[in-house]
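What follows is a set of notes on a single structure, which appears directly below.
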Amino acid sequence: MTETAARKRIVIVGAGVAGSILAYGLKDVAGAEVICIERASPEDQSDAGTGLNVGPNAIKALHSFLPDLAASLVGQSLPWASWRISLTGGRELMNLPLLDVADNHGIRIRWSALYRLLRQPVRAHVRFATEVVAMRYARAGEAGPIVIETRHRQTGVTTLIDGIDLLIAGDGRYSAVRETFFARPEPRFLGVCIFRLLVEAARPGLIDDYEQWFNGPNRLLAFRVPGEATYIAGSFPIPADADVPDAAKTAAALRTLYTPADGTPSDQCAFMIDTICSHLDDIHWARLQECDIAFGDPNGRILLLGDAAHPMVPTLGQGATQAMEDACIAVAELRGALAGPAAGLAEAVWRIEERRRGRVEFVVNFSRDATDTMLAGADPVSGSLAKNGPGFRAKLARLYRDVPAA
Ligand SMILES: Cc1cc2nc3c(=O)[nH]c(=O)nc-3n(C[C@H](O)[C@H](O)[C@H](O)COP(=O)(O)OP(=O)(O)OC[C@H]3O[C@@H](n4cnc5c(N)ncnc54)[C@H](O)[C@@H]3O)c2cc1C
């Protein structure tokens, strides 16, 4: 089967964070045919088993560019209003009301809820359970349209979509679009392992808004999400060139990592340690890594957004947050281009890169710098106390407030 285009054909690979928001912002634009290809089926939550905090900056950007979507996310989440850092024994090192450095709160939400809220309004434009298996410029060596081949994961039916004026990569950290049209990005590992867990139990009097706890460089992070559940993430240093050792994934090893030297964790940390140790099979493991930034191809036919463009370390909770900022700017620029008599999609791609690159570089670097207290040999006391200082606070204010507006 072959499909050809009449209007400007825009194909988005991946209905994740960036892809869904972009589809939402473009779906009713005259002159654009928007097709989104998503590997997961609508019911599939396999990638969505935990929770996340979305920074105030993304909420501010969404309120400005896509207010209906912002209202839906805020309405279905809990506010992220403060950031507290302590030692696992209980000593408090930082307690920051976010409104000291932001114009509005962030949100706390389950991944499954976020994907549902983002995908539901664009269902008609998404081909679920469909994977992009091949893609190329239609005429080799020419800056012309793109052609892709998709394959339905259940039926095996393959489809050729040609005449693509703009191919947008919202396919995440291991982007096939980026690998096909750009040099394969080399990951840089920071030597820190991170694991995530969502438990269907909440102790609001004990753990509610966003907090972190250190025992040496070993860090716990937790917050409550809607539906009476608690999101817990743990991290600890590992050799930068090694996988997470199996020996570190046991209850005994994890308990040791987060138990303070005097053997008495705070009530909060005792709850988290017990919870982690009794849910070992539910844990998702990952390593902190980042790659170089890339946005557009020289022909203005390919646009990378979100993790496909700038995989960053999750230390400041900015991965999905920046994917949202990307999508807001892309929606505005592409709407503008499609409204003109001769849609200048290539120029829009270049403008999106121009508007995003500096901001994203700042966020990637800030996220890496903020990882200082999680590296082998780090002193979390001096490092966390320093985060009370004017330098860190000014950067946080830039992160949360210095947001593009519509
Ligand atoms: C441990 C950890 C904790 C994190 N915590 C936070 C946090 O608290 N806050 C935050 O803002 N960020 C956080 N992040 C980062 C966040 O997960 C990502 O940055 C974000 O999901 C990127 O959004 P995206 O739209 O680029 O890609 P994704 O949301 O990953 O979406 C990519 C989509 O593309 C689809 N896809 C992939 N390949 C194909 C293909 N070939 N064909 C069709 N579809 C395809 C996938 O199924 C998926 O739906 C965290 C990351 C990690 C590792």
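Indexing begins at 1, ligand by ligand and atom by atom, following the structure's order. Heavy atoms only: backbone and side chains are in, while hydrogens, waters and symmetry mates are out.
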Does [X], backbone or side chain, put an N or O under 3.5 Å from an N or O of ligand 1?
{"X": "A308", "value": "no"}
{"X": "G317", "value": "yes"}
{"X": "Y115", "value": "yes"}
{"X": "A18", "value": "yes"}
{"X": "A320", "value": "yes"}

Side chains of [Y] and [X]: any donor to acceptor distance under 3.5 Å?
{"X": "D326", "Y": "H310", "value": "yes"}
{"X": "D100", "Y": "Y400", "value": "no"}
{"X": "Q322", "Y": "D307", "value": "no"}

What's the spacing between Q212 CD and T315 OG1 if we round to 0.5 Å? 9.0 Å
In this structure, CE of M272 is separated from CD1 of I232 (nearest 0.5 Å) by 6.5 Å
Of all the atoms in ligand 1, which lie at a distance below 4.0 Å from a heavy atom belonging to [X]?
{"X": "G170", "answer": "31 (O), 32 (C), 33 (C), 34 (O)"}
{"X": "G306", "answer": "26 (O)"}
{"X": "G319", "answer": "10 (C), 11 (O), 12 (N), 15 (C), 18 (C), 19 (O)"}

Could you check whether any side-chain heavy atom of [X] comes within less than 4.5 Å of a side-chain heavy atom of [Y], counting everything from C-beta outward?
{"X": "D162", "Y": "I164", "value": "no"}
{"X": "R359", "Y": "D402", "value": "yes"}
{"X": "E325", "Y": "N57", "value": "yes"}

Looking only at heavy atoms of [X], does any of them come nearer than 4.0 Å to an atom of ligand 1?
{"X": "R119", "result": "yes"}
{"X": "Y174", "result": "no"}
{"X": "A286", "result": "no"}
{"X": "F195", "result": "no"}
{"X": "V54", "result": "no"}

If you take the centroid of each ring, where Trp contributes its six-membered ring, are F181 and Y137 closer together than 6.0 Å? yes
Have a look at ligand 1 and work out which part of T130, if any, has a heavy atom under 4.0 Å from it: side chain, backbone, both or neither. backbone
